[in-house]
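A short write-up of the structure that comes next.
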Amino acid sequence: MSQKFDFIVVGAGTAGCLLANRLSANGKYSVALLEAGGSDNYHWIHIPVGYLYCMGNKRTDWLFKTTAQKGLNGRALNYPRGKVMGGCSSINGMIYMRGQSNDYDQWRQMGNEGWSWDDVLPYFTNMEDNYDGKNKFHGKGGEWKVNKQRLSWDILDSFQEAAVELGIPKIDDFNEGNNYGVSYFKVNQNSGFRWNTVKAFIKPIKNRKNLHIFKKCEVNNLILEKNKVIGVDVKRNGNFENFFVNKEIILSSGSIGTPKILELSGIGNPKVLSNLGIETKVKSINVGENLQDHLQLRVIYKLDNALTLNQKANSLLGKMAIGLEYALKRTGPMSMAPSQLGVFAMSDQSYETPNLQFHVQPLSLDKFGDPLHDFPGLTASVCNLNPQSRGSVHITSKDAKLAPAIDPKYLSEEQDRIVAAQSIRLARKIIAQPSMEKFNPEEQAPGIQFQSDEELKKVAGDIGTTIFHPVGTCAMGPSISSVTDSELKVRGVDGLRIADASVMPTITSGNTNAPTLMIAEKASEMILNSY
């Protein structure tokens, strides 16, 4: 079986849903949207706290794991990626975060014309529907809803005051270019429900006659004719099918899926491909390289005299109260994003703008998926926003069903280990402020016995875990060795672009969902302007 379309978008995740919307909007072009996962009609996708039941669930998660990480003292991490319509926007933490102006200005300085902060800001605002209305930095009336959280915790208010006491200013908005300060995160929710890219960009236009959506449609490889991509070979409903294209194929399968598809198609480093018996059709040595991710160090405190989620969720009455509040009001813990309060700060005085981000939570547990502790707990997760460590993603087999090897190489660079030690020290400084004294905070992890720089660098490997922000594996740049150029075209291949987080040359300062949407918005404009 085969069909032909003007555009084929591979991956109906954060970027792919927006792309399908924009490319089909004028009615001139037929658009196929291919998604390996299924529908987003699973109730835990839409209840905000349901991320707990979507990560690690084969219905909604690819269930990837990293390789054993030397920097994490030999540990391998679970690596959730959305395997469902909406992709990671259906299972992520719902935090709306653009990063900082320096991130994009750096992209421009690296030779990526059109990607400075001033260049990209309109793409953020054009799609936005901000609860606070339109201003210089925000949009109103777009598809992407940005709202306040619908909950309150006294312990988080106290942590915010402690940060202020340390000299970190209280601010209202993390999305104006310099995020220095402490504030509550804004979230992609609507009336207490998750707002994913299916609701935003697909459901309103699902009846467009020129848009064709194919679920449970796994890509085996791209079909190339010399150096031109002409189609996609897929497996759907147990059958092999070909989808052919008139104009362009856009890969939007993310920083793990996109390099996997390229390598399966013979586009990549000949050394990697030849080892697996794959013919190199297009040499591109940096496919799958340059992987960057945010490693969060989970600093945990046991508290006295504090109400946290630990007590509420560990009692039957507490659980009933949580469920009733959500059922009646769509507020409370079931409406929670995984992290509620944010702090952006500098790890030392050499930084002009923040290089650290805290995700502060009124709860504690040993690791994701474990039960909450039986004592009142607070977690101050802190990540290095600009890690120097670079990893890779590469296939290990010709078999498209097998997961690639994901090797982030966390803490492989000495500068990252230095920042890790500084991060833990800053968490301790905030906790030591007067506003936290009444809770008698007692450090549970990493433990106050770790004091020296060398001890903190090592123990960071024990408490570090991914915060799910992989980027960079098909990075854009002006060099011929870059996988993509500044128009997101794959070098050496006609008719192929990439529009997802894999094209980021360096990671943005914070959660990566909003920047990925911006990339897709800008990509759609560049594509449509080409025809």
Spatial distance of atom [atom1] ([X]) from atom [atom2] ([Y]) [nearest 0.5 Å]:
X	Y	atom1	atom2	value
L517	D500	CG	CG	11.5 Å
S255	I406	OG	CD1	10.0 Å
N188	N147	CG	CG	8.5 Å
R491	S284	CZ	OG	9.0 Å
T353	Q100	OG1	CD	5.0 Å
N384	L295	CG	CG	8.5 Å

Using modelled atom types only, decide if a donor and an acceptor are shared between the side chain of [X] and the backbone of [Y] within a distance under 3.5 Å.
X	Y	value
N21	L18	no
T66	L77	yes
R98	N175	yes
K140	N130	yes
N112	G477	yes
N529	E525	yes
S265	L222	yes
Q189	S335	yes
H46	D40	yes
T258	S253	yes

Can you label the angle between the [X] ring and the [Y] ring as parallel, tilted or perpendicular, going by 30° and 60°?
X	Y	value
F201	W144	parallel
W107	Y104	perpendicular
F5	F214	perpendicular

For residues [X] and [Y], report the shortest heavy-atom separation together with the two atoms involved.
X	Y	result
L411	A420	CD2-CB, 4.2 Å
I267	L496	CD1-CD2, 4.2 Å
S183	K186	OG-NZ, 4.3 Å
W62	A36	CZ2-CB, 3.6 Å
P354	N178	CD-OD1, 3.5 Å
C54	T60	O-OG1, 2.7 Å

For this session: Determine, step by step, whether L341 and F159 satisfy the side chain to side chain contact (heavy atoms under 4.5 Å, CB included) criterion, reporting the C-alpha distance in whole Å, the side-chain angles of both residues, the deciding distance to 0.1 Å, and the verdict.
Result: CA-CA 9 Å; L341 181 70; F159 192 95; 3.8 Å; yes
For this session: Check the pair D293, Y79 against side chain to side chain donor-acceptor pair (under 3.5 Å), reporting the backbone distance first and the verdict last.
Result: CA-CA 11 Å; D293 190 14; Y79 216 69; 3.0 Å; yes
Exercise. Could you go step by step and tell me if R497 and E248 meet the salt bridge (charged side-chain N to carboxylate O under 4.0 Å, His left out) rule?
Worked result: CA-CA 7 Å; R497 290 193 216 223; E248 290 190 24; 2.7 Å; yes
Exercise. Honestly, is K522 close enough over W115, meaning NZ or CZ under 6.0 Å from the six-membered ring centre and within 45° of the axis?
Worked result: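 The answer is yes, since K522 meets both limits relative to W115.
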Exercise. Can you list the steps and then say if N386 with D103 is a side chain to side chain contact (heavy atoms under 4.5 Å, CB included)?
Worked result: CA-CA 9 Å; N386 313 120; D103 302 330; 4.2 Å; yes
Checking [Y] against [X]: is there a side-chain donor and acceptor pair closer than 3.5 Å?
X	Y	result
R330	S191	no
E176	H138	no
E263	N269	no
T516	N513	no
D233	N220	yes
T379	S381	no
S89	T197	yes
N126	E128	no

For this session: Keeping to residues at least two apart or across chains, list the salt bridge (Lys or Arg N to Asp or Glu O under 4.0 Å) pairs with something in residues 51-67.
Result: none
For this session: Go through the steps to decide whether R236 and E35 satisfy the test salt bridge (charged side-chain N to carboxylate O under 4.0 Å, His left out), and finish with yes or no.
Result: CA-CA 10 Å; R236 186 166 71 101; E35 169 55 41; over 6 Å; no
Problem set entry | Partners passing side-chain contact (heavy atoms from CB on, under 4.5 Å) against D6 (at least two apart in sequence or in another chain) |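 Per chain and number, D6 pairs via side-chain contact (heavy atoms from CB on, under 4.5 Å) with Y29, S30, N246, K247.
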For this session: May I ask you to check whether Y531 and F7 place their ring centers less than 6.0 Å from one another?
Result: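 Close enough - the centres of the two rings lie under 6.0 Å apart.
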For this session: Determine whether the aromatic ring centres of H359 and F185 lie less than 6.0 Å apart.
Result: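 Centroid separation for H359 and F185: below 6.0 Å.
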Problem set entry | Test log, rule side chain to side chain donor-acceptor pair (under 3.5 Å), inputs D407 and S392 | CA-CA 5 Å; D407 182 10; S392 63; 4.8 Å; no
For this session: State, with a plain yes or no, whether a side-chain heavy atom of L19 is found less than 4.5 Å away from one of C17.
Result: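 No, their side chains stay 4.5 Å or more apart.
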Problem set entry | Heavy-atom check, side chain of V360 versus side chain of Q340, under 4.5 Å | no
Exercise. When you look at CD of Q3, are more than 12 heavy atoms from neighbouring residues, nucleotides or ligands closer to it than 6.0 Å?
Worked result: yes
For this session: Step by step, work out the side chain to side chain contact (heavy atoms under 4.5 Å, CB included) result for L52 and W44.
Result: CA-CA 8 Å; L52 289 167; W44 283 124; over 6 Å; no
Exercise. Going through the checks in order, is the side chain to side chain donor-acceptor pair (under 3.5 Å) test met by S350 and D348?
Worked result: CA-CA 6 Å; S350 67; D348 67 47; 2.4 Å; yes
Problem set entry | The single option from T508, I507, T506, L291 passing side chain to side chain contact (heavy atoms under 4.5 Å, CB included) against V471 |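 Of T508, I507, T506, L291, side chain to side chain contact (heavy atoms under 4.5 Å, CB included) with V471 is met by I507 alone.
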Problem set entry | Evaluation steps, side chain to side chain contact (heavy atoms under 4.5 Å, CB included), between E113 and R108 | CA-CA 6 Å; E113 189 174 345; R108 177 64 187 89; 4.1 Å; yes
For this session: Kindly determine whether R22 and E521 satisfy salt bridge (charged side-chain N to carboxylate O under 4.0 Å, His left out), including the steps that lead there.
Result: CA-CA 8 Å; R22 301 296 191 249; E521 186 81 282; 2.6 Å; yes
Exercise. Can you name the residues that form a ring-ring contact (aromatic ring centres under 6.0 Å, His included) with F193, not counting sequence neighbours?
Worked result: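 Here no residue qualifies.
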